[in-house]
Structure formats: structure tokens, C-alpha cells
Amino acid sequence: MYPRNNKQNDPFEKQLMSELFPTRRIQVLLPLPLSGVLDYLMPEEMMLEIGDFVTVPLSGREMQGVVWSLNAPENDIPIEKLKYVVRKAELPPVPDTLIQFVKWVAQYTLSPLGSVLKMALSVPRKFDKPKKKIFYRLSEDLPDKMTPARQKIVDAAIEDMPLAVKTWKEIAGVSDGVVRGMIKAEMLVPVEVSGEETFINPDIELERALLSEEQKQAAEHIITQQRTNSFRTILLEGVTGSGKTEVYFEAIAECLKEESAQVLVLVPEISLTTQWLDRFKERFGSEPVIWHSEMTPAQRRRAWWATIRGEASVIVGARSALFLPLQKLKLVIVDEEHSTTFKQDEGVMYHGRDMAVVRAMQSDCTIVLASATPSLETMINAQNEKYDWLYLGERHGPAELPAMSTVDLRHYKLRTGSTISGPLYDALKENLENGEQSLLYLNRRGYAPLTLCGSCGHRIECPHCSAWLVEHQKFKKLECHHCGFNRRLPEQCPNCEAVDSLIPCGPGVERVAEEIELLFPEARLAIMSSDEISSPSALKKMVEKIENHEVDFIIGTQIITKGYHFPMLTLVGVIDADLGMSGADPRAAERAWQQLEQVAGRAGREKHAGRVLFQTYQPDHPVLKALVSGDKDLFLEAEAEARENQKLPPYGKLASIILSGADRSKVLSFSKELLKKSPQYDNVTILGPVPAPLSYLRGNYRYRFLIKADIEVNLQKTVRDWLSQMKTGRGIRVQIDIDPYSFY
Ligand code: ADP
Ligand code: ZN
């Protein structure tokens, strides 16, 4: 018997056994918030290599982890105390590139290695043996004549690949009955397969769009670079509607000519990409492998297995797709690279775009960052020739960029309670009469962002956060957009009990919709916000409704800015262009510009010319000037200069440390202690502690330090050394955010 169960207690026997069976001490990393690896013993008959998935005992339970090293250095844990690896999973090992990536992300974000591994292993029951299933393949002897419906199945077949009934239905576009009938007639024969149905690979031979000269050159540049199998970052900048997607589709198709090549496409919000997926399907004949957090466990498992086996060729996902066990990554695309949704603000705080560049570097492949409004960081890297820079300056076909202008609200005063100025009203009316669609943009969910008592002036706040409750008429309630707390809309002021005294202040999309309904009772309108669109299928329905022109006015929050293409949409009215222009966030202006440029880019994408009206009290603001003049370079230069002067990213480094806890005095005294120990270097500035802008969140008091450092400083080391001087007390949470994007 092999001494695997660690139950022998006789020290003599133990000694004897270890002499008889020389054992190997290995290191296993577990998906737990631990910084280090744990030592285990490798049973002799188990052939293990680095990256293997193994099951090990841990405090009376079994856990699954990854072999991190085959040679653990001797340490103070005697070998007799170590336990044996229980089992090795029947899976290929984690590719070395992913191991390197996990290490990098942990080191960069100052997160425990195990927490980062957890992101790579967030697949339920991934080590289960796949169940046996019956699929069907086309029989080798088929009759010469067949019904048209059956012929469709024959035409759709991909060689002799066995498929599920459901898949046959889908790819051939026939009914269940047709498939069943062919099974009965033995034209489809059953095959037992173990595991999941493989994904249908993209068909790169399908007819494709004829690229314009500009597009062709861009695609060729990417393809040439990709073929070198070396790391390079390419910025693909192109005005909205210029065909960036077509260009990188071309590069994907080329890349897939290489056997088992894998392409990773990161998109900001996968649930918002229905139009993108349709286009992919049109171009490649089938959907890509999708990866995001809202998938069912079975879907995740299927996608993960296909990836680790190297079967998935194009994977489209949210930032978490970076942690997939890709075997042969050959090209990475980050679409809408400027999007702040790539930044994860909880747990391991990493930036998906930046880490995608690292992933590509470690995999020796090309990465394309695509956007109409690239981030300043990326622009500067392109200017410094760290990145290649491709530019598409024209919209595809006859479409022109929309005409943009401001409506000065100091001059065109809004009536009390109204959000639509005279010029915007006229434009909306004209558009409606012409049978064209209009979009009203306001990045505020709900009816009103603040409810105030007209008698006592009381403002209704969230009991758990320092934030106002937002009125949602649709649900007849007040809701906190930070913690989700909600309550019924009260009839009396909760403070002075006055009746009918509560006044909604400021507009949200629901309120704009109410006004439009009054102004244009005959018009058909739709609200696009995360409250109305709570699932991918709801979104799909809405997109179809707009595409089919069943809607005249769309009133939307930022979810409408994400790359949509609606041919009949010709007018965009921005209700409050001043929203979000300034604030604690050093990127506020840049972000405002990106959002407005993107929303404006929805107008006039086909033959009908588009126009955009920005309602504003500050038409001279550099952001609006850049938009209206179309000269964004001037604005970006000014932004860059301002950041350089203040040594803010990308000209300096920034980290934030948030200390939080339910006991305010405890958090405060901890912060003060920490301040006393703060690093004293010339090129590092510590700001704080100050109450964070949201000083009370989900029942916790929050204090924040900002660490500003010159570019040459090793920020991670500075922060690590500083924090290691103090033990975090009970009830205090420390969150480190390297290169923060969120400033609340
Ligand atoms: P972007 O991503 O730059 O905003 P898209 O790739 O979405 O632009 O292209 C805008 C529209 O123009 C899409 O409907 C797309 O199908 C179409 N389009 C772009 N390039 C071509 C082309 N070469 N041939 C045909 N249609 C094209
Ligand atoms: Zn709250």
C-alpha cells in the first residue's frame, strides 16, 4: 500500500516508509486568498508536471488547485507533516503563458496569488468527467433524392462532425421533426461522444465585405505584424462608423488560417453586443465562443473545456476572458479600448485593457486596441511609437460624420421642470415629421436623482451610503444606485411628515420620457437603460424594435453609446452635456469627451445625414469645443499637458488605498497610524487620509489615501513596504487600487 492517506501515526513506520518511497515535495497553488503556495507530496506513481490540475486535502476537505512547482525548497514543515496529492484531473495542464500571467497580475495589482488563480478557475465542476452524450452524424450512404428540408441538413453538415439535434436544427434552419425523421430513416446516425459538443469553427472562406483602400491597408498592417509571431501593440483608431470591426474581422480570418490558432476579442460589455454577434455570424457562419460572468455553469464549462483543449478558435468575452487557459493565442483584439468597464473595481483590481497587453506580450502575439476615442494613455503610447498607429478617417460608404452644435442654455432658457430647449424641440419635431429616428441621451437612470421636501428641505438619503436615493417611477420606489437599497416612494416627508411635499429634483431618463410623451403624444418611444433592459434577450428585442423602425424616440443612458448601428437614427440630442465634465476624477474631461463623441457617433450612420445638439451651460468648455470643431487633437493635447504638469497618469503613477469599516473611529485611528508610517521620498506624495467621496458605503465608513509617484518609482514596492509595517486590525478592510479609475 502506498502511504497516501497520511493516517499512519507510528513514527518508526513513517521513517521506514519515507526511506522506501523517496517522496517529492511539490508546491500547489490553491484558489484561495493566500499569497503563497502550499507544499504537498507527489505520489510516486502520479506523473505530475507544472500546471497540472490536482485535488489536494486541506483542513479536512478536498480542494482543487494547480501544481506550481515540482521542487519545493525545504522549509520548516517536516516532510512527515505533508499530505499527498489525492488525484490529478484528466485535463491538459494550465498553459505556461497563463501561469506567467497569473503571476504578473498578482504582482502588479498587489493581490494574493491565489485570488488571481481563482479568476482563472471560476468554472463550476470543471474537473468532472464530461457526461456521455449521443450526437448524430450524416450517414455515408444517402439516397440521391431528398426533400428540400432534408437536403438543407446535408448542405449544412460539416464533414462528418457529430452534432446535437438542437445544433442540426439551428445550422440547417429546419424543424425538430425533420431532424428526427432523418434519424429514424438512418440518414443521421448516432455517435456516442464523451464531453461537450465542440464549437463550430468559424468559416473563413465565406464571402466578405469589400474593404475600402483605407480599410485594406489597415488590415494588411495587422496581418503582416501578426504573422511575425512577435509581440506588438497596434492602435486602430477610426471615426465612428469607419469599419474598424470589418478591419479586424479580416485580420481574424487571416490568423485562423494557421491550425489551432486562437483569437481573443475583449469587448466592454458582452451582454450589449447583440449586433456585433450578428455581424460575426454573418461573416464567419457561426457564433464565436462567448465568455462572461452571466453564463450558466454548463455554458461556462463548455467554453472553458473547449479553450483548454485548444478547440475554441475565436473567444469573445468580457475582461475575465483574459484568464482562460488559451493554448495558442495568436491575436488579441480589445474593442472600444477606452471603455472604463475594462477596469475591475472589486477584488483583484486590474485593468482589462492593460492586462490584455501583458497577456499578448507573454504570448508573443499582436494586440489591436480599437476605438474611435482612444484613451489618452493609448494615444501617448502611439505618439511615442511604442504602439503602431492605424487611422481610419472616413465613414463607410456615403455616410458622413454628423454635424455637431451646442445649444447655449444660458440663452435658450429651459422652462421649469423641462429638459428640452426650443432648438432641440424644433429638431425633434422636424425629425419626427421626416420619419427619422432621434436619440435623447442622458446618463442618469430613473426619474429624478434627488427627492427633496418642499417644507423642511430634507433630502432623502440612503441609510447605508452617503448618497441620495434615486426616484424610479416605473417601480414606484426610491433606490440607492450604490448598494441597491430601496423603499417605497413615501407619501409624507420622512423628516417633517408634511404631506405631498416631496419634489423630484433634476431629470433622469424616465422624466425625459414623460416630457417627450407630453410634447409628442403620437410618437413611439423607448427607454434604454439598465432598468428597462435587464437581460440580453430584452436588449435583443429592443435593438430589433429600433432597427425595424418601430420606435421614433430613444431615450437612453450610457448603454446606448456602445457601438450600435441604427440606419434611421439621424438626430442625437444630449440633454445635459455638462454632466460629468469635472469632478475628483482626473480623467473626468477625457471620459466626458469619449462618451459624448460615442453617443454622437450613433447619428447618421447611413445615407441620411446626422446631426447632434449638445444642451449646455458652458459651450466654451474644451470638451464641447473639441466635439463641435471636430478638432480633438487640441483638446487631447491640453489634457495631456494638464496631466503632465500634475504628474498624473500616464506621466506619473497613482494608487489609492481605501480603508473601510463599520466602526468609524477605528478606521480613522488606523488611517492616522498609517499616515505616521508613510514613506518619505521626494518622488512620492501621499495625499490623505480624507473621507472618500462616498464616505459611507454599504454600512462602512471609508477613508482614502492617494499615492502619487513619479514614473520611475516602483509603486508596488512602495505601497507594499508601507502597508507591511502595520497589521490590519479586526473590522478594517484595506483595498489597494493600482492605477485607480474609480474615485468614489
Ligand atoms: P466602427 O466599428 O468603426 O464604428 P463598423 O465596423 O461598425 O464601424 O462599420 C459601420 C457600418 O459600415 C457597419 O454596418 C458595417 O457593416 C459597414 N461597413 C464598414 N465597412 C464596410 C465595407 N468595407 N463593406 C461593407 N460594409 C461596411
Ligand atoms: Zn446605499
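Ligands are counted one by one from 1 in listed order, and the atoms in each one are counted from 1 as well. Since this is a predicted model, take the numbers as computed values, not measurements. Worth knowing before you read on, the calculation uses all heavy atoms, side chains too, and leaves out hydrogens, waters and symmetry mates.
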Pairing residues for Gln595 by the side-chain contact (heavy atoms from CB on, under 4.5 Å) criterion, not counting sequence neighbours: Tyr441, Asn443, Gln558
Residue contacts for ligand 1, heavy atom to ligand atom, distance under 4.0 Å: Ala209, Leu210, Leu211, Gln215, Val239, Thr240, Gly241, Ser242, Gly243, Lys244, Thr245, Glu246, Arg279, His396, His565, Arg605
Distance flag, aromatic centroids of Trp276 and Tyr564, threshold under 6.0 Å: no
Centroid-centroid distance, His351 to Tyr741, less than 6.0 Å: yes
Set of residues satisfying side chain to side chain donor-acceptor pair (under 3.5 Å) with respect to Arg605, sequence neighbours excluded: His565
Total protein N, O or S atoms, the Zn ion (ligand 2), separation less than 2.8 Å: 4
Where Val599 and Val572 come nearest, the two heavy atoms and their spacing: O-CG2, 3.6 Å
Can you tell me if [X] and [Y] form a side-chain donor-acceptor pair at under 3.5 Å?
X	Y	value
Arg698	Ser660	no
Thr373	Gln598	yes
Ser242	Glu394	no
Tyr703	Arg664	yes

